[in-house]
Amino acid sequence: MSFASRLGALTRELVQTLVPSSIQGDESKINKISDASLKRLKSHTFLQTNHFEVEKTLEGLDERFRVNNRDDLADALRQRLVTLKGTPSKWHPEILHLLLELSDQPTFKSKLDDLELLGYDDVEPTTALRWEDIAKEDGWDQDDLLWMDVNYSDESGDEVFEQQSTTESEATSLYGDGDHAARTAETYVTHPQDSTTFEQVQTAQKWRTQAQPDDPSRHARKVAVSEIQVVRDVLFMLQGLDCTLFSRNCVADLSFQLENMAWETYRAIMQSFTDFGNHLRTLRLFVGQRQDVPHLQAFQDCISDRLRQLDVNISELQTRLAAPSSEYVLSLVRIKAELIPWLEPLYALADIVSTIGSEPDPTPFRYLELVFDETCAAQLSGKSELYEFLARIFAECFRVYLRPIRLWMDEGKLLSASDLFFVAEVPTATPLGKTWQEGYHLRRTPDGTLHAPAFLRTAIGNIYNAGKNIIVLKLLGKHDAAVSQKARPEPPLDYATICPAGQELVPFAELFDLAFDRWIQSKYRTTSTTLKNALFNDWALSSTLDTLHSIYLMSDGASSTLSDSIFTKLDALQTNWSDRYALTAAAQDSFTTMDPSRLTMTVAPNMHNLPAVQCRNSVRSILSGITITYRLPWALQMIFTDTSMQHYQSIFTLLLQLKRATYTLHKPKILDNYWTDHDNWNASAVFYASRSKLLWFCTTLQTYLTTLVLTPIDIQLRRDLASSHDMDELISVHQRATKAMIDQACLGSRLTPILDTILDTLDLSLKLERIRTGAIQPDESTDTSYQDMLISLKADIDSQIRFIYSGLRGLARATSDAQSTKWDILADMLQTGDIT
């Protein structure tokens with residue numbers, strides 16, 4: 001039969017099985033449903049099972065078994081997988097995938113005994129035992145009276161009863177026909193010849209069920225117990241086994257007393273053993289709890305391993321007591337002295353478990369912090385054995401906590417249960433240019449602290465940046481190069497590496513920081529260097545910085561062409577001066593050495609409807625609304641942040657306002673007005689004095705910004721960028737440089753009054769030009785002449801300049817940072833030229 005025919009028949013059979021009973025007899029509906037189902041089955045594309053995923057899942061299952069102390073189950077799984085590989089088949093992945101899908105908590109519900117049901121017995125089957133064979137062997141197969149119905153009525157005679165009794169006695173006799181012995185239960189009863197040992201055991205254990213004797217005063221007396229029995233029950237209790245002298249809660253039963261010890265002494269020593277048992281019970285209860293967090297599972301495994309080692313030590317002690325190799329004086333105090341070195345380290349673990357249990361909402365890594373703190377405390381107190389015990393546990397548990405850190409630093413990935421990790425991805429879509437700053441964030445607790453162990457907080461920055469390095473390198477297509485460069489194995493983080501020999505006096509916290517820093521740098525340094533080289537070489541970070549300085553800091557003459565075209569339109573009172581297309585075209589024509597498509601220029605919307613006269617008469621009102629934008633590549637937007645670009649824009653606005661005042665002051669020429677100046681020489685002298693003062697002010701301010709602020713900061717910025725090691729350092733260096741430009745250029749918030757005065761002084765340059773051209777006429781009502789207006793203007797200039805350098809000097813004396821020195825220098829420059 002063809003496959004299509006078989007598929008059609010199987011589909012119809014499946015439909016007939018699944019449809020409701022109400023339409024079982026309706027052939028038309030069954031045919032319709034069968035055809036539709038068959039059509040869907042034929043058109044569906046079934047993908048082959050990914051055998052790599054199946055193998056990965058099985059390996060994870062093996063690891064889960066071992067973490068949950070099911071090594072026997074893990075070994076059985078591994079053995080059968082090896083056997084299965086010996087008989088390969090293409091259907092094995094599908095079968096294993098089906099079994100994995102059908103499994104339901106195999107770690108806790110699987111029983112190793114169930115595997116015996118799957119085995120095959122190679123022994124030849126034996127014949128089943130039948131009653132016919134037994135009857136034939138015992139000789140009562142031919143006895144008809146055995147199967148005779150008994151008449152229980154009053155009419156039954158004694159003959160029948162006697163006959164039946166005789167028959168039964170013959171059938172159940174010890175001997176049947178011939179000389180063979182009959183097989184009965186009594187045949188298998190053995191009678192030991194030595195009953196003394198059994199009686200001794202009964203006598204020795206009689207105290208367990210003995211009632212408390214009463215003394216004449218009707219007070220209950222204690223049951224006397226030998227010391228060997230007390231030691232036996234103490235060791236049983238410490239191993240978590242049931243015993244008579246202690247309850248399941250490890251509480252000593254006060255109805256017993258050691259026969260050769262005073263009651264108070266016995267009670268005190270039994271109370272100490274009760275404390276031992278309570279600590280161990282705390283650990284055993286914690287180990288028995290189900291934990292879904294891998295970190296706590298690792299901690300449970302460490303505790304289980306130490307408890308097993310304790311059980312081994314106690315078993316060896318029991319062996320020495322049961323079969324001593326030499327004379328041994330049994331003493332409860334001596335047993336306690338032998339147990340204390342084994343139990344004291346477990347006390348610390350029990351205290352940690354109790355602390356975790358008492359906290360209302362402990363973090364998953366809280367136990368790591370407690371183990372770390374206890375390790376440091378043990379080292380400081382000089383308990384070397386406890387220090388090593390806890391340090392080894394910390395190293396073992398930290399390896400598990402290290403897994404999400406390694407995945408993040410190596411591949412830039414977060415585990416599905418990322419709430420346990422201190423790095424989280426932003427749920428909303430993030431632009432490429434903001435991947436570094438906004439794509440991921442550090443999780444914090446409600447009180448604002450980092451969601452990470454306290455001992456890692458100094459290294460969190462490098463861990464956080466290492467993962468972001470990988471993510472950005474993947475976006476840049478440089479991830480493979482970074483992986484090939486860091487192919488060397490990572491340094492280990494085990495106990496021997498963290499606590500090397502000969503460094504016992506070095507604080508454990510410092511030893512861990514050094515070892516963990518070596519581990520981080522083995523991954524972080526390579527990726528950071530690769531990312532930095534990609535930004536400098538492939539994305540031209542240096543040349544882009546030159547472009548930004550050329551545009552915003554006006555480091556070359558291209559900006560003069562742009563500013564002159566704007567000022568010409570303003571002086572001509574052209575209403576279309578704010579057209580963004582014309583401004584963008586002028587900017588692109590001025591800066592010809594860069595990609596013109598990246599450059600745009602706009603004016604704030606609230607500036608469009610201002611009168612043309614108002615736009616011409618002030619540097620403050622209109623020039624602050626002009627914005628020039630250079631569209632950066634997305635990779636460099638992560639370094640040149642929005643804050644830095646706003647700082648650049650503020651510097652550009654100040655330089656443009658300064659250029660506006662200088663442009664206006666350069667309009668009048670002395671030779672052009674030589675003959676007219678003789679007509680009113682006094683007024684002309686005041687005009688030229690005011691113009692000279694303003695030119696000197698603008699030139700001094702321009703010189704200060706160029707030589708003492710922008711140029712030194714630019715040189716230092718390039719040095720710092722070249723010596724930076726990672727992306728964060730590149731960003732912070734650039735932000736620090738632009739912030740220094742703002743502060744030293746008097747654009748900071750503390751210098752707002754001084755900046756307003758500087759802009760008022762620049763506005764006086766425009767006012768001086770309006771007075772010269774007659775745009776401002778003398779007021780005849782107040783008898784104010786042209787010369788009077790100039791004298792008043794000059795007085796305003798002198799007053800404002802004095803206010804500027806006095807304010808700068810006062811602020812410089814009030815502060816002691818880097819920019820205060822520059823303010824003091826600017827104040828000296830302005831005061832030196834203030835000659836009336």
Side-chain angles (χ1 to χ4, degrees), residues 272 275-276 278-280 282-283 286-287 295-296 298-310 313 336-359 362-402 405 422 449-450 452-463 490-522:
S272 64
D275 295 338
F276 294 164
N278 286 331
H279 284 84
L280 296 179
T282 300
L283 296 178
F286 176 75
V287 170
H295 316 150
L296 290 177
F299 190 43
Q300 281 183 321
D301 183 67
C302 290
I303 295 177
S304 299
D305 183 66
R306 272 62 183 184
L307 289 176
R308 282 194 298 269
Q309 185 59 43
L310 174 65
N313 293 337
K336 179 182 177 181
E338 290 190 35
L339 290 173
I340 285 179
W342 304 337
L343 297 176
E344 276 189 345
L346 297 175
Y347 275 17
L349 293 181
D351 292 339
I352 292 172
V353 172
S354 300
T355 302
I356 295 175
S358 62
E359 294 181 354
T363 56
F365 48 79
R366 176 60 176 158
Y367 79 96
L368 272 178
E369 293 180 332
L370 295 176
V371 173
F372 186 88
D373 294 341
E374 288 295 328
T375 304
C376 297
Q379 184 188 29
L380 291 175
S381 60
K383 300 177 181 179
S384 57
E385 295 181 357
L386 179 60
Y387 165 62
E388 181 179 352
F389 177 84
L390 293 174
R392 289 185 181 276
I393 291 180
F394 175 80
E396 294 176 14
C397 295
F398 186 70
R399 284 203 301 268
V400 179
Y401 184 78
L402 205 62
I405 297 179
F422 53 80
T449 58
L450 285 172
F455 57 84
L456 284 185
R457 287 171 187 168
T458 57
I460 282 180
N462 288 339
I463 297 173
E490 64 183 32
L493 269 179
D494 52 7
Y495 171 78
T497 305
I498 298 176
C499 303
Q503 302 291 328
E504 290 78 9
L505 297 180
V506 181
F508 178 74
E510 184 176 347
L511 291 175
F512 172 77
D513 289 341
L514 292 174
F516 192 54
D517 184 68
R518 287 194 299 268
W519 186 86
I520 290 178
Q521 292 303 325
S522 66

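In this text, all values refer to a predicted model and were calculated from it rather than measured experimentally. Along the sequence shown, residues are numbered consecutively beginning with 1.
Distance check, rounded to the nearest 0.5 Å: CG of Leu514 to CD of Gln503 gives 9.0 Å. Considering CD of Glu369 and CD1 of Ile356, their distance stands at 10.0 Å, rounded to 0.5 Å. Ser272 OG to Lys336 NZ: the interatomic distance, rounded to the nearest 0.5 Å, is 3.5 Å. Leu283 CG to Leu349 CG: the interatomic distance, rounded to the nearest 0.5 Å, is 6.0 Å. Atom CG of Leu346 is separated from atom CD1 of Ile303 by 9.0 Å, given to the nearest 0.5 angstrom.
Comment: Arg306 does not engage Glu344 in a salt bridge, judged by the lack of any side-chain N to carboxylate O separation of less than 4.0 angstrom. Electrostatic pairing of Arg392 and Glu388 counts as a salt bridge here, judged by a charged N lying under 4.0 Å from a carboxylate O.
For the pair Ala459 and Ile520, the tightest heavy-atom approach, listed with the atom from each and the gap, is CB-CD1, 3.6 Å. Taking each heavy atom of Ala395 and Ile498 in turn, the nearest pair found is CB-CD1, 4.4 Å. Among all heavy-atom pairs drawn from Leu450 and Arg457, the shortest one is O-NH2, 3.6 Å. Taking both residues in full, the closest heavy atoms of Pro345 and Pro341 are given as CD-O, 3.3 Å, listed atom of the first, atom of the second, then distance. Between Thr282 and Ser354, the shortest heavy-atom contact is CG2-OG, 3.8 Å. Shortest non-hydrogen contact noted between Phe508 and Ala391 is CE1-CB, 4.1 Å.
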Inset, instruction - Could you please spell out the steps behind the side-chain contact (heavy atoms from CB on, under 4.5 Å) verdict for Phe299 and Val400? - result: CA-CA 9 Å; Phe299 190 43; Val400 179; over 6 Å; no
Inset, instruction - Show your reasoning for whether side-chain contact (heavy atoms from CB on, under 4.5 Å) applies to Asp301 and Glu396. - result: CA-CA 10 Å; Asp301 183 67; Glu396 294 176 14; 5.7 Å; no
Inset, instruction - Give the intermediate values and the outcome of side-chain contact (heavy atoms from CB on, under 4.5 Å) for residues Cys499 and Tyr387. - result: CA-CA 11 Å; Cys499 303; Tyr387 165 62; 3.4 Å; yes
Inset, instruction - Take Leu280 and Leu310 through the side-chain contact (heavy atoms from CB on, under 4.5 Å) test and state the conclusion after the steps. - result: CA-CA 10 Å; Leu280 296 179; Leu310 174 65; 3.7 Å; yes
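In this view, Phe516 and Phe398, Phe512, Trp519 satisfy the ring-ring contact (aromatic ring centres under 6.0 Å, His included) rule, not counting sequence neighbours.
In this structure, Phe455 has its ring center under 6.0 Å from that of Phe394.
Between the side chains of Gln309 and Asp305, no donor N or O sits under 3.5 Å from an acceptor N or O. Side-chain atoms of Thr497 and Asp494 include a donor-acceptor pair closer than 3.5 Å.
The list of salt bridge (charged side-chain N to carboxylate O under 4.0 Å, His left out) pairs with a residue in residues 505-520, not counting sequence neighbours, is empty.
Around the CD atom of Glu385, the shell of radius 6.0 Å holds no more than 12 heavy atoms that belong to other residues, nucleotides or ligands.
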N/O donor to acceptor pairs below 3.5 angstrom from side-chain atoms of residues 370-378, sequence neighbours left out:
| unit_1 | atom_1 | unit_2 | atom_2 | d |
| --- | --- | --- | --- | --- |
| Thr375 | OG1 | Val371 | O | 2.6 |

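Asn462 has its side chain within reach of Gln521: a pair of non-hydrogen atoms, C-beta onward, lies under 4.5 Å apart.
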